[in-house]
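Below, chain A is the first sequence line, B the second, and so on; all start at residue 1.
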Amino acid sequence: MWNYEKTLQYPVKIKNPNPQMAKIIISQFGGPDGELGASMRYLSQRYSMPYDDVKGMLNDIGTEELGHMEMVGAIVHQLTRCLSEEEIKKSGFDAYFVDHGIGVFPQFASGTPWTAATIGVKGDIIADLVEDMGAEQKARVTYDNILTLADDPDVKDVIRFLREREIVHFQRFGEALSRTQQRLDSKNFYAFNPSLKLKK
Amino acid sequence: MDKNELQMQLLSYKFCLQELGLYLDSHPHDQAALTQFQQCKENYNSCKAQYVREVGPLVREDVTSTEHWNWIDGPWPWEYKEDDK
């Protein structure tokens with residue numbers, strides 16, 4: 001069950017609003033490789049995992065990703081917190097603004113609403129761990145792209161923290177995959193799914 | 001220590017617990033890490049006690065007042081405060 005702690009994991013203090021950046025960064029809130037997706041993927045995968053250490057890892061990383069989603073939401077909120085009509089039009093933020101105002105809506109930068117179609121939950125430990133490693137890399141690339149597009153040091157500082165976390169998570173998933181491969185019967189590692197206990 | 005420094009200290013201890021926790025998820029018998037976790041927890045607990053006294057509640061159970069539900073008092077974590085550095 002989840003409790004809420006009234007703090008961000010890392011501070012978000014964006015002095016200068018910038019709706020153009022908000023349109024881009026929102027992709028890590030509700031986009032294909034964003035924090036909402038990461039959290040839902042890991043928290044959903046944990047149910048069918050056969051090993052305690054993997055359940056623990058998915059549980060704890062999935063929980064951390066909710067905190068990251070909150071940080072990205074804070075960035076988008078602070079980037080759009082006081083805008084003039086002219087800024088809204090000039091930045092191209094008007095298309096988002098007409099539907100959501102300065103609300104923070106979970107969507108891709110392109111405007112597609114968040115969808116579970118971007119996450120994989122296969123119920124197979126190998127498929128799921130490899131999916132997770134891919135997901136962390138895709139998130140890392142997205143943060144790299146944001147760093148390329150952003151100039152504001154207040155924004156870049158937070159993005160670098162989030163990017164580092166993706167790399168650490170990638171390491172953890174890789175270690176879990178390696179431990180799992182050692183545990184499974186080497187004769188039929190792809191043929192048997194330890195999560196599937198069919199009744200005879 | 002001012003409120004910002006106190007908050008940064010709290011976040012550092014919390015981060016330490018998070019990283020150690022993730023490591024311990026896959027190395028549950030690592031004595032050194034387990035000991036470090038307990039030490040970090042002690043630092044965190046005393047820092048948190050000071051934070052709750054001087055800044056505000058971290059979880060709802062931290063509220064002690066029988067006059068005022070300060071859980072809802074601003075600022076909320078996503079808000080920008082003009083006096084922030």
Give the ring-plane orientation class for B/W71 versus B/W76, where under 30° counts as parallel, over 60° as perpendicular and anything between as tilted. perpendicular

Original post:
Is the closest side-chain donor-acceptor distance between A/Y10 and A/E164 under 3.5 Å?
Top reply: no

Tell me whether A/E35 contacts the main-chain N or O of A/H68 through its side chain, where contact means a donor paired with an acceptor under 3.5 Å.
no

Among A/K55, A/E175, A/Q9, the residue with the most heavy-atom pairs under 4.5 Å to chain B is A/Q9

Ordered numerically, the heavy-atom neighbours of chain B under 4.5 Å found in residues 73-109 of chain A are A/A74, A/H77, A/Q78, A/R81

Chain B shares the most heavy-atom pairs under 4.5 Å, among A/R179, A/R172, A/E70, with A/R179

Practice item. Dump the intermediate steps for salt bridge (charged side-chain N to carboxylate O under 4.0 Å, His left out) on A/D144 and A/R163, then the final yes or no. Key: CA-CA 8 Å; A/D144 282 342; A/R163 180 185 175 279; 2.5 Å; yes

CG (A/D151) and CG (A/N16) are apart, to the nearest 0.5 Å, by 11.5 Å

Those residues of residues 8-26 of chain B that come under 4.5 Å of chain A on a heavy-atom basis, listed by number, are B/M8, B/L11, B/K14, B/F15, B/Q18, B/E19, B/L22, B/Y23, B/D25, B/S26

> Given side chains that start at C-beta, do those of B/L6 and B/E54 come closer than 4.5 Å, heavy atoms only?
Replying inline: yes

Please say whether the positively charged group of A/R183, taken as NZ for Lys or CZ for Arg, lies over the ring of A/Y51, i.e. under 6.0 angstrom from the six-membered ring centre and within 45 degrees of the axis.
yes

- Query: Okay, side chain of B/E5, backbone of B/D2: is any donor-acceptor separation there less than 3.5 Å?
  - Reply: yes

Under 4.5 Å to a heavy atom of chain B? For A/V54 that would be neither

>> Measuring only between side-chain heavy atoms, which start at C-beta, is A/L66 closer than 4.5 Å to A/M40?
In response: yes

_If we count only N and O atoms by modelled type, under 3.5 Å, do the side chains of B/H68 and B/D73 hold a donor and an acceptor together?_
yes

Margin query: For residues A/V130 and A/I125: do they belong to one hydrophobic cluster (side chain heavy atoms under 4.5 Å, members Ile, Leu, Val, Met, Phe, Trp, Tyr)?
Written below: yes

